[in-house]
2 protein chains.
Amino acid sequence: MTQQTAKGAETRRLLLNTALRLFAKEGFAGTTMRAIARESGVSLGNTYYYFESKDAIVHELFRNLVEQHRSASWPLLVPGNNLETNVRLSLEKSLEILSPFHEFGPAFIRTAFSGAQDELAETRRALELELWRQVVATARPLPPLAIRQDLPQLLRLVQRGVFLFWAYDSSVDAKRSRRLVKNVAPAIARLVVLSRMPVVRSILDDVISLVRPAT
Amino acid sequence: MTQQTAKGAETRRLLLNTALRLFAKEGFAGTTMRAIARESGVSLGNTYYYFESKDAIVHELFRNLVEQHRSASWPLLVPGNNLETNVRLSLEKSLEILSPFHEFGPAFIRTAFSGAQDELAETRRALELELWRQVVATARPLPPLAIRQDLPQLLRLVQRGVFLFWAYDSSVDAKRSRRLVKNVAPAIARLVVLSRMPVVRSILDDVISLVRPAT
DNA sequence: ACAAGCTTTTGAACATGTTCAAAAACAACT
DNA sequence: AGTTGTTTTTGAACATGTTCAAAAGCTTGT
């Protein structure tokens, strides 16, 4: 199914690069599998030897973006930042990295929310969580102990929400999404502080009970 | 494009019914436009005369479900219910009505979140809002005045969230979605009560500023 | 060098969503 | 009844995602 030899890996890389270039130029729907094959100087069938489907190519592209997001956000999480700053920076960086791919929103969502339990989805999830753990761990003051444990998963949930919003955000330059982030970051920070209050805590518990078993 | 005469309307209805039946039996992806045409005793081209695309059929189906949800929830909103009960009943009814169409989740989402500004989307939005206005208006005690105005839009937002969750919920019988509703309803009610507190109010303001201009 | 068994590549087919020009059916008017 | 214009219907084509059996290349062991 996938590549085993050096030559195979090379072809695969070639196809992925071509696909990326065409996607950028012609958009997702506007790029045909035949075009990807032709521009790569490879047969159509061969393309399917390396990628199960057109969506699978997007899936891989998406995973790359998640990786980029993580590594680009990491150095921003410097000591001295409070939670709000960390959250805002990470979310903003995510929008920044996604911005050239707005047209893929729906396709991304299909892969991001597919509910697939395969390895790729699992590593993606782990990658995302790692970032949000770092966001929490480097924030000062540290969030209340009672919530510290679950906060990364909550933040990941928030990110998914922002991502969804962005995917269907048709405002120019995703202005509305950027405003959302600007508003959400302080809201989160406040909520976290308030999590000491039993009423707020119980609401958070409701939400946490959702992220715990899955998603 | 669409039907003008009685016969045309008849053909359209026939196609829609056949599509619905086939969707239920074979699933969305499993139902081909050719099958719909064949089973209706109509040519393929004619099907496209009445429905712009396969998605357009789903779009119409979805609108019908929204309508059903509204009219089925209405009688449940009896005097004496508090907000939590009303919210829970409406959300549960929504899951109940959607349940036979779980497989359409992604397709529904495409139409529900397409961001299209056409008439169909606008009437759907109005229909939804009307229900949530009723949910708020019939609840006792009435929600705090400061938030009463915006609450319907907030609740509609919550419903969209639940809908998204449901669409990608792969648990059997959408158990997780049902639990979500069970947890969300009291959380909402508590939040509304707490909205008198400035801190909570400011968070809600952040969210409200999002639903106000659009979505 | 050769055989056996992988991996890679190809080319042709298939299935299905969608388009379109032309035919048929129908309605309205004279 | 006949003409004219509109709505409905058809059938054939097209575009593109996907599958598959067979050919070609490569690697490894003899």
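Throughout, protein chains are lettered first and strands after them, A, B, ... in sequence-line order, and every chain is numbered starting at 1. This one's a predicted model, so the numbers in the text were calculated from it and none came from an experiment.
Taking side-chain N and O atoms only, B/Thr11 has a distance below 4.0 Å to OP1 or OP2 of D/dT9. Proximity of A/Lys7 to the phosphate of C/dT7: no side-chain N or O atom is located under 4.0 Å from OP1 or OP2. For the OP1/OP2 pair of D/dT10 and a distance below 4.0 Å, the side-chain nitrogens and oxygens of B/Tyr49 include no atom meeting the criterion.
Between A/Phe104 and A/Phe23, the ring-plane angle classifies as perpendicular under the 30° and 60° cut-offs.
Every side-chain hydrogen bond (donor to acceptor under 3.5 Å, both in side chains) that B/Thr18 has, sequence neighbours left out, goes to B/Ser40. Qualifying side-chain contact (heavy atoms from CB on, under 4.5 Å) partners for B/Ala29, counting only residues two or more places apart in sequence or in other chains: none. Annotation: side-chain contact (heavy atoms from CB on, under 4.5 Å) contacts of B/Thr123 (sequence neighbours excluded): B/Arg63.
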Which nucleotides of nucleotides 11-21 of chain D have their base under 4.0 Å from a protein heavy atom (B), which only their sugar-phosphate (S), and which neither (-), written as one string 5' to 3'? B-B--BBBBB-

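Judged as a salt bridge (charged side-chain N to carboxylate O under 4.0 Å, His left out), the pairs with a partner in residues 182-192 of chain A (not counting sequence neighbours) are, in order, A/Arg190-B/Asp206.
Taking atom CZ of A/Phe51 as the reference point, atom P of C/dT9 lies 12 Å away to the nearest angstrom.
For the residue pair A/Ala112 and A/Arg124, the shortest heavy atom distance occurs at O-NH2, 3.3 Å.
Comparing the local axis fitted to the first five base pairs of the helix from C/dA1-D/dT30 to C/dT30-D/dA1 with the one fitted to its last five gives a bend of 10°, rounded to 10°.
No hydrogens or angles considered: a donor-acceptor pair under 3.5 Å links the side chains of A/Ser171 and A/Asp169. In summary, the side chains of A/Thr138 and A/Asn86 do present a donor paired with an acceptor at a separation below 3.5 Å, with no hydrogens or angles considered.
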